[in-house]
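A short write-up of the structure that comes next.
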Amino acid sequence: MNNISKLDSKTFELLPLDWDTDYFGVKSAKVVLKKKISKVEQDRILNYCHKFHFITISNLDNNNENNVWIGKRTKAFLTDLNIQFIKHININTQSSTIDKFTNVYNSFPKNKDVLRIAQKAFLYSRFFNDPYLPKEKAQSIYLHWTDCAFNKPEKYFVITERNDKIAGYLLFFINFEKRYATIELIAVDEIFRSQSIGKSLIAKLEFFAFKKGIKSIKVGTQVDNVTAVRFYNACGFQYAGCSSIYHYWPGR
């Protein structure tokens with residue numbers, strides 16, 4: 001575990017990433033740039049970064065001035081343009097796609113069929129675009145992500161079945177204080193694609209969230225994942241923003 005404290009201000013957030021550190025085997029952190037960063041703040045951020053080996057920099061709203069100083073003052077490289085979507089839910093957004101084969105589970109036990117789907121489903125990731133990360137680790141990150149979510153009370157799985165087989169899953173968490181849900185992962189077994197499985201997963205999430213008093217659902221995806229962008233648009237999600245994501249290795 002990292003022993004360096006999280007730092008937060010109106011313009012940026014700096015935090016160690018224990019999960020990434022454990023998984024990749026390198027001391028990892030995250031920098032979130034909320035607004036334009038001053039020269040003094042840049043110095044503070046860079047000083048923090050040099051305490052780590054691997055840093056993910058999220059430049060919210062793709063602020064151009066932040067892009068400029070990142071390019072001038074670091075060797076960070078762009079690994080992703082992440083599009084964020086949001087859907088506000090109410091009684092009028094409830095879908096007819098809800099079916100009896102799709103259910104929501106909390107503290108869902110480890111399931112080999114879900115892991116099999118996770119291993120094959122994900123084709124896009126900023127981790128794939130980083131030559132310094134072990135290839136096998138990058139390729140297995142969503143499998144590990146899913147595996148780590150089993151039996152966790154703060155994690156929810158939407159599971160849908162067809163012909164007594166798991167056809168797809170959706171992993172999400174809920175911020176009850178701010179009343180929104182965030183989709184972490186969604187995947188459909190390749191033999192069940194083009195059968196509205198994804199829409200069934202989203203519809204069940206909406207129904208469940210609405211019953212819990214949740215007001216919105218958030219999700220992000222890579223800008224080059226055209227299929228995902230079209231899917232979320234088709235499900236009624238609206239564009240909420242775009243962030244540039246950099247990877248930074250201070251020692252390289």
Side-chain angles (χ1 to χ4, degrees), residues 80 82-108 111 113-125 142-143 145-146 148-150 152-176 178-243:
D80 184 22
N82 188 272
I83 302 179
Q84 292 87 49
F85 294 95
I86 190 168
K87 184 172 186 180
H88 301 286
I89 53 178
N90 53 57
I91 191 64
N92 296 320
T93 63
Q94 300 306 295
S95 171
S96 60
T97 317
I98 298 172
D99 60 66
K100 63 180 180 180
F101 307 109
T102 308
N103 295 286
V104 178
Y105 301 91
N106 187 217
S107 298
F108 189 62
N111 184 286
D113 292 323
V114 169
L115 290 175
R116 176 181 51 79
I117 295 171
Q119 190 169 26
K120 297 181 179 180
F122 300 102
L123 302 176
Y124 297 88
S125 170
Y142 294 119
L143 173 65
W145 188 338
T146 302
C148 288
F150 292 129
K152 294 289 173 46
E154 70 275 16
K155 300 290 186 178
Y156 296 82
F157 280 86
V158 185
I159 302 292
T160 190
E161 297 183 354
R162 298 293 186 275
N163 304 324
D164 296 322
K165 294 181 179 180
I166 293 180
Y169 77 95
L170 184 156
L171 173 64
F172 71 99
F173 69 87
I174 295 175
N175 185 320
F176 286 100
K178 296 184 178 180
R179 301 172 76 182
Y180 69 82
T182 299
I183 297 173
E184 295 186 55
L185 300 173
I186 181 171
V188 175
D189 191 319
E190 56 188 358
I191 66 173
F192 292 104
R193 289 176 188 168
S194 301
Q195 297 182 32
S196 296
I197 300 296
K199 289 184 178 180
S200 294
L201 293 167
I202 295 290
K204 192 66 176 186
L205 166 58
E206 278 189 60
F207 181 76
F208 178 84
F210 179 74
K211 292 295 185 181
K212 293 288 186 180
I214 302 305
K215 296 298 184 181
S216 62
I217 301 171
K218 300 180 180 182
V219 67
T221 191
Q222 290 78 18
V223 71
D224 55 350
N225 191 348
V226 178
T227 300
V229 172
R230 289 175 177 169
F231 169 73
Y232 291 122
N233 282 330
C235 289
F237 284 78
Q238 298 178 328
Y239 173 84
C242 182
S243 300

For K120, what residues pass the side chain to side chain contact (heavy atoms under 4.5 Å, CB included) criterion, not counting sequence neighbours?
E190
Please find the pair of heavy atoms, one from I117 and one from A167, that lie closest to each other, and give the distance.
CD1-C, 4.1 Å
Does the N106 side chain pair with the main chain of Y156, one donor and one acceptor, at a distance under 3.5 Å?
no
Starting at CD of Q84, measure out to OG1 of T182 and round the result to the nearest 0.5 Å.
11.0 Å
Please list, chain by chain and in numerical order, all residues satisfying side chain to side chain contact (heavy atoms under 4.5 Å, CB included) with Q195, sequence neighbours excluded.
F192, I197
Which atom names give the shortest non-hydrogen contact between R162 and S200, and what distance separates them?
NH2-OG, 3.4 Å
For the pair D189 and R116, evaluate side-chain contact (heavy atoms from CB on, under 4.5 Å) and give the outcome as yes or no after the intermediate values.
CA-CA 9 Å; D189 191 319; R116 176 181 51 79; 2.9 Å; yes
Just do the side-chain contact (heavy atoms from CB on, under 4.5 Å) check on L115 and F150 with the steps written out, would you?
CA-CA 10 Å; L115 290 175; F150 292 129; 3.6 Å; yes
Quick check: closest heavy atoms across V104 and V158, and the distance to 0.1 Å?
CG2-CG2, 4.0 Å
Report the distance from atom CD1 of I89 to atom NZ of K211, rounding to the nearest 0.5 Å.
11.5 Å
Check the pair I202, I186 against side-chain contact (heavy atoms from CB on, under 4.5 Å), reporting the backbone distance first and the verdict last.
CA-CA 9 Å; I202 295 290; I186 181 171; 4.2 Å; yes
How many angstroms lie between CG in L205 and CD1 in I183, if you round to the nearest 0.5 Å?
5.5 Å
Shortest non-hydrogen contact from F176 to I214?
CD2-CD1, 4.2 Å
Check F173 against E184 and note the closest heavy-atom contact, atom names and distance.
CD2-OE2, 3.3 Å
Determine the interplanar angle of the Y105 and F108 rings, folded into 0 to 90°, and report it as parallel if under 30°, tilted if 30 to 60°, perpendicular if over 60°.
tilted
Between atom CG of N82 and atom CG of D80, what is the distance when rounded to the nearest 0.5 Å?
5.0 Å
What distance separates F237 CZ from H88 NE2, expressed to the nearest 0.5 Å?
10.5 Å
Given E206, which of K215, K87, K212 fulfils the salt bridge (charged side-chain N to carboxylate O under 4.0 Å, His left out) condition?
K87
Once side chain to side chain contact (heavy atoms under 4.5 Å, CB included) is applied, do any residues pair with A149, and if so which ones, sequence neighbours excluded?
K155, F157, L171
From CA spacing to verdict: side-chain contact (heavy atoms from CB on, under 4.5 Å), I159, N103:
CA-CA 6 Å; I159 302 292; N103 295 286; 5.9 Å; no
With rounding to the nearest 0.5 angstrom, report the CG to CZ distance, N225 to R230.
10.5 Å
For the residue pair F85 and Y232, does the interplanar ring angle fall in the parallel (under 30°), tilted (30 to 60°) or perpendicular (over 60°) class?
tilted
Take the angle between the ring planes of Y169 and F122 and call it parallel below 30°, perpendicular above 60°, tilted in between.
perpendicular
Over all atoms of both residues, closest heavy-atom pair of A228 and T221
CB-OG1, 3.5 Å
